[in-house]
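What you see below is based on every heavy atom in this structure, not just the backbone, and it leaves out hydrogens, waters and symmetry mates. So that the names make sense, note that chain A is the first sequence line, chain B the second, and so on, each numbered from 1.
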Number of protein chains: 2
Amino acid sequence: MSLSLADIEAGAERLKGQAFETPLLEFEALNDRMGLRVLLKAETLQRVGAFKFRGAYNRLVQLTPDERARGVVAFSSGNHAQGVALAARLLGISALIVMPRDAPAVKVAATQGYGAEVRFYDRLTDSREAIAAEIASQRGSVVVPAFDDLHIMAGQGTVGLEMVAQARALGVELDLVAAPISGGGLLAGLATAIKGLSPDTAMVGVEPEGFDDTRRSLQAGERLVLKPTGRSLCDSLESPFPGVLTFPILQQTVSDVALVSDREVTDAMRYGFSTLKLVVEPGGVAALAALLAGKIDVTGRKVMALVLSGGNVDPEQFAQVLRHEI
Amino acid sequence: MSLSLADIEAGAERLKGQAFETPLLEFEALNDRMGLRVLLKAETLQRVGAFKFRGAYNRLVQLTPDERARGVVAFSSGNHAQGVALAARLLGISALIVMPRDAPAVKVAATQGYGAEVRFYDRLTDSREAIAAEIASQRGSVVVPAFDDLHIMAGQGTVGLEMVAQARALGVELDLVAAPISGGGLLAGLATAIKGLSPDTAMVGVEPEGFDDTRRSLQAGERLVLKPTGRSLCDSLESPFPGVLTFPILQQTVSDVALVSDREVTDAMRYGFSTLKLVVEPGGVAALAALLAGKIDVTGRKVMALVLSGGNVDPEQFAQVLRHEI
């Protein structure tokens, strides 16, 4: 059982009138700097400020009436939380989200703002999976995974359908597409959509330093579980392992995984501010950071696209970035 | 001699492949807050980060070979400067821009980055018009006005053509359109385009407090020249008078002018950051600020649009806004 282009096209039908078709933006300063056309898929402008709404809605809208009545549970550092919370609100489903106590305040507030109940856990001492499983069994609720689920991946893959169509409307084919990797749901969905429509497009993933579980797993040929020794600025990309369902798709489709440092991420956030006029969160800017840092090989490429996957960042953190304090 | 819809349509032809068609964005949080659909024309994503490129290119591309050879001169606090500088570079014309010494550093650097020569003047003691006129006569250069010019207005008016077409692609008509006013070039162009295509759409202008020259002039029925007693945070909206050519158009088309305080502007910049994920400069956010502050009467309206006219803001100033320091 794997993900197909048809699954993603069916997801796109379900998302019609629910998710936005976000713009595919182009900036000459970026083209000039990189020496090729770079198209930016601004999922920062998606509902909830991140692509995660797509997968969450595609999952929740397929629950049975009985499942809907029993509510949903999810765990997430923030963007999946918001996606599930909003999708649940739209569908009249109650949602409980298990979030780390140190999640960005803006993500917690938005999740609660969409009407979800938030239960906090401690990253160091608690197992969020265990907490979520316990609540789910008490309430009979469905657990909505952040990435390891075909409907979630199919929803995220709709980003790729739009990218290919929008690029073709500009009269171009995409030579390469890059996106950040946490558990791999976005990249697995994207790759399935894009390879399905445009088999010659190269797919590149980007991980933060210290959370290079997917790169290592791809090198090893098997899923490895990382033991993180620190935090990344990219709070949304800290998954220590690729998914059971996402990994085989990444194995078949991804040609390279680049790693970015916190410094490269803050440089890219400042570039987003001053040149693109876009607010992009640390994890959301990872693919752009890798490109700007010369870590994505664009030799011989004419047109590439990348996903700016989220824009949910605390104002204080963004001010620190603007002032070069981090 | 006034501006016609045909002039703007001809401008749009000249701008094809030069200016971007910027997205018309929608955010449910904003719709929910205001109780109607609010479509945002993101000219922050235009080349040079502001709508000003449109008018400047439409003006410069119509210079004769002889005029092009003698170069152009302009004066501007920043966005027109960048528009002229980039248009001149694209057309192989040399450009000299007279800018206030206290213009935002990001605007000065970008203007120079596009290859223009910058001459500074002192807001308090120098006359920028006199400096520009003297240079123009020495060099035989054409002075490119910031707003009081039919080709400039026609270029800015292309924003309006796109807004109407993009709204219709969403299946809606615009009941009301709001935009900031400095000298009135954007609003005069917009109003001509929009009233030409959609006569029932109400046009509303927004000025910063202390620079309400257009509102007072409309009330008086004649162009008044203000004596500013202070500065506004909206560095791009500090014109002390409406234009000779813009004013009669505004008289015929504008139903209301709202005024916004610096505090309302910073509130709207923070809203832009946290909810829209967009970087908008103080002057560029004025229309949104007026809407959020309840200063635009939307009673009975179902769909409105407004222009986010520019995103060129110094990182330090933006950090201060995020930290509520201003």
Side-chain angles (χ1 to χ4, degrees), chain A residues 17-18 20-29 32 40 42-50 53 86 89-90 104-107 109-110 113-114 166 169-171 269-281 284 308 310-325, chain B residues 17-18 20-29 32 40 42-50 53 86 89-90 104-107 109-110 113-114 166 169-171 269-281 284 308 310-325:
Chain A
Q18 298 297 336
F20 291 136
E21 179 177 315
T22 53
L24 190 67
L25 302 171
E26 186 171 10
F27 297 85
E28 65 187 335
D32 290 351
L40 304 177
E43 284 293 297
T44 53
L45 304 175
Q46 187 52 265
R47 288 175 91 164
V48 314
F53 173 73
L86 176 59
R89 191 187 72 174
L90 294 171
V106 67
K107 294 181 176 177
Y114 294 124
Q166 289 169 316
L170 296 173
M269 289 173 75
R270 285 185 286 268
Y271 187 87
F273 168 84
S274 59
T275 302
L276 316 181
K277 320 298 179 193
L278 296 175
V279 176
V280 195
E281 66 179 271
L308 299 175
N312 295 308
V313 47
D314 280 336
E316 173 56 27
Q317 186 183 51
F318 203 79
Q320 287 173 10
V321 170
L322 290 180
R323 286 182 168 160
H324 291 258
E325 293 167 2
Chain B
Q18 298 296 335
F20 291 134
E21 179 177 315
T22 54
L24 190 67
L25 303 170
E26 188 171 7
F27 296 86
E28 65 188 336
D32 290 350
L40 304 177
E43 284 293 298
T44 53
L45 305 174
Q46 187 52 265
R47 289 175 90 166
V48 315
F53 173 74
L86 176 58
R89 190 186 75 176
L90 294 171
V106 66
K107 294 182 176 178
Y114 295 125
Q166 290 170 316
L170 296 173
M269 290 173 73
R270 284 186 287 267
Y271 187 86
F273 168 84
S274 59
T275 303
L276 316 180
K277 320 300 178 193
L278 296 174
V279 177
V280 194
E281 65 179 273
L308 299 174
N312 295 308
V313 47
D314 280 337
E316 173 55 26
Q317 186 185 51
F318 203 79
Q320 287 173 11
V321 170
L322 290 180
R323 285 182 167 161
H324 292 258
E325 293 167 2

### Query
Heavy-atom distance under 4.5 Å between the side chains of B/Val106 and B/Phe318, does that happen here?
no
### Query
chain B heavy atoms under 4.5 Å from A/Glu281: which part of the residue, side chain, backbone, both or neither?
neither
### Heavy-atom contact with chain B under 4.5 Å, split by part of A/Phe20
side chain
### Task
Select one option (side chain, backbone, both, neither) describing which atoms of A/Leu24 are under 4.5 Å from chain B's heavy atoms.
neither
### Task
Go through the atoms of A/Val280 and report whether side chain, backbone, both or neither lie under 4.5 Å from a heavy atom of chain B.
neither
### Query
Is it the side chain or the backbone of A/Gln317 that comes within 4.5 Å of chain B heavy atoms, both, or neither?
neither
### Query
B/Gln166 side chain to B/Glu21 main-chain N or O, any donor-acceptor pair under 3.5 Å?
no
### Query
When heavy-atom pairs shorter than 4.5 Å are enumerated against chain B, which of A/Thr275, A/Leu276, A/Leu322, A/Thr44 gives the highest number?
A/Leu322
### Side-chain (A/Arg270) to main-chain (A/Val321) donor-acceptor, under 3.5 angstrom
yes
### Query
Side chain, backbone, both or neither: which part of A/Leu25 has a heavy atom under 4.5 Å from chain B?
side chain
### Message
Using modelled atom types and a 3.5 Å cut-off, is there a donor and acceptor pairing between side-chain atoms of A/Arg47 and backbone atoms of B/Glu28?
### Response
no
### Query
Under the side-chain contact (heavy atoms from CB on, under 4.5 Å) criterion, do B/Gln320 and A/Arg323 qualify, and how do the steps go?
CA-CA 10 Å; B/Gln320 287 173 11; A/Arg323 286 182 168 160; 3.4 Å; yes
### Message
Donor-acceptor pair, distance only, cut-off 3.5 Å: does the side chain of A/Asn312 make one with the backbone of A/Val48?
### Response
yes
### Summary
Applying a strict 4.5 Å limit to non-hydrogen atoms, the region of B/Leu170 in contact with chain A is neither
